[in-house]
Each structure stands twice: as structure tokens, then as C-alpha cells.
Amino acid sequence: QVQLVESGGGLVQAGGSLRLSCAASGRTFTSYAMGWFRQAPGKEREFVAAISWSGGSTYYADSVKGRFTISRDNAKNTVYLQMNSLKPEDTALYYCAAASHQYGLWVSLTYDYWGQGTQVTVSS
């Protein structure tokens, strides 16, 4: 079992930045690839970014490429999402997730564990 707790969400103006954190506990953190997804009201959950267990490979949705950066600190059992140049359309509940597989990381069904989410609101 892996427990995931997100933090760092909040209200920010367009063009601003936020850094989300996801702290993991339970099984060996380095056994899992990690991902961030988001869900806006009335919309389906969508892939944002993912990172391999080693941190050597990262993946991004086209909508955030060049603005968001995913990273992980395996010594701290934490994964981060640095979000820059935020837009109102980035407003959503952001979820952290852990996957025991290293493929298909842009698909939510790949993931075994999910956090409760942290709200990000970007005002125009």
C-alpha cells in the first residue's frame, strides 16, 4: 500500500507560479513511476505529467509542455510539479498518482494509488 498526500495548491493570478508536492509513504517509493493528473469541474480527469522511477524519463501533456516541470526526490519520497506561466485553464483539482509499471503513464488506469488532490485556481 502507498499513501499519497498532495500539497501546495492555492489561488494565483494568471502568469504566476505554484509548486505542488506529493509526499509518499508505505512501500518503496523508488519502485513506482509517478504522475500528476488534473480534473476541472465538468471535465474528465486528464494527464498532466509523469516521471519514471529513476527520474530519468519525464512525460508531459502538450498543454503544459514548456511551462510545467515534474521532478522527484527519492531521498524524501516526494514528487514535485513546478507550474509556471499559469493560465486560467489550468484551474483544476490536481492529483498525484503512483504506478508500478513504467509504461502507459499518460493513462489513468495505469496507476495503482491516488492522492486526494489539491486545488489550483488561476484567476484572470
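Everything numeric here is computed off the predicted structure, so don't read it as measured data.
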Asn84 vs Ser17, side-chain hydrogen bond (donor to acceptor under 3.5 Å, both in side chains): CA-CA, chis, key distance, verdict: CA-CA 4 Å; Asn84 299 328; Ser17 299; 2.9 Å; yes
Got a donor-acceptor contact below 3.5 angstrom from the [X] side chain to the [Y] backbone?
{"X": "Glu6", "Y": "Gln116", "answer": "yes"}
{"X": "Glu46", "Y": "Gln39", "answer": "no"}
{"X": "Ser54", "Y": "Gly56", "answer": "yes"}
{"X": "Tyr60", "Y": "Ala50", "answer": "no"}
{"X": "Thr91", "Y": "Val122", "answer": "yes"}
{"X": "Thr78", "Y": "Lys76", "answer": "yes"}
{"X": "Thr118", "Y": "Gly9", "answer": "yes"}
{"X": "Asp112", "Y": "Ser100", "answer": "yes"}

Are [X] and [Y] linked, directly or through other ILVMFWY residues, by side chains that come within less than 4.5 angstrom of each other?
{"X": "Val64", "Y": "Leu18", "answer": "yes"}
{"X": "Trp106", "Y": "Leu109", "answer": "yes"}
{"X": "Phe29", "Y": "Val2", "answer": "yes"}
{"X": "Phe47", "Y": "Val79", "answer": "no"}
{"X": "Ile70", "Y": "Phe68", "answer": "yes"}

What are the two closest non-hydrogen atoms of [X] and [Y], and how far apart are they?
{"X": "Cys22", "Y": "Met34", "answer": "SG-CE, 4.3 Å"}
{"X": "Val48", "Y": "Tyr94", "answer": "CG2-CE2, 4.3 Å"}
{"X": "Thr110", "Y": "His101", "answer": "CG2-CB, 4.5 Å"}
{"X": "Ala33", "Y": "Tyr111", "answer": "O-CE2, 4.5 Å"}
{"X": "Asn74", "Y": "Asn77", "answer": "O-OD1, 3.2 Å"}

Spacing of [atom1] belonging to [X] relative to [atom2] belonging to [Y], to within rounding of 0.5 Å:
{"X": "Ser108", "Y": "Arg45", "atom1": "OG", "atom2": "CZ", "value": "7.0 Å"}
{"X": "Arg72", "Y": "Ile51", "atom1": "CZ", "atom2": "CD1", "value": "6.0 Å"}
{"X": "Ser71", "Y": "Gln82", "atom1": "OG", "atom2": "CD", "value": "8.0 Å"}
{"X": "Glu89", "Y": "Ser124", "atom1": "CD", "atom2": "OG", "value": "10.0 Å"}
{"X": "Tyr59", "Y": "Leu105", "atom1": "OH", "atom2": "CG", "value": "6.0 Å"}
{"X": "Ser7", "Y": "Leu20", "atom1": "OG", "atom2": "CG", "value": "8.0 Å"}

Applying side chain to side chain contact (heavy atoms under 4.5 Å, CB included) to Cys96 and Trp36, what does each step give before you reach the verdict? CA-CA 5 Å; Cys96 169; Trp36 287 95; 4.0 Å; yes
One thing to verify: whether Lys87 and Asp90 come together as a salt bridge, which I'm taking to mean a side-chain N less than 4.0 angstrom from a carboxylate O.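 No, this pair does not count.
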When the ring planes of Tyr32 and Tyr113 are compared, do they come out parallel, tilted or perpendicular, using 30° and 60° as the limits?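 Aromatic pair Tyr32/Tyr113 classed perpendicular.
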Going by heavy atoms in the side chains, are Met83 and Val120 under 4.5 Å from each other?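 Result yes, sub-4.5 Å side-chain heavy-atom pair found.
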Taking the cut-offs as 6.0 angstrom to the six-membered ring centre and 45 degrees off its axis, would you call Arg38 and Tyr95 a cation-pi pair?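 So Arg38 doesn't make the cation-pi contact.
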When you look at CH2 of Trp114, are more than 12 heavy atoms from neighbouring residues, nucleotides or ligands closer to it than 6.0 Å?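 Count over threshold, so yes.
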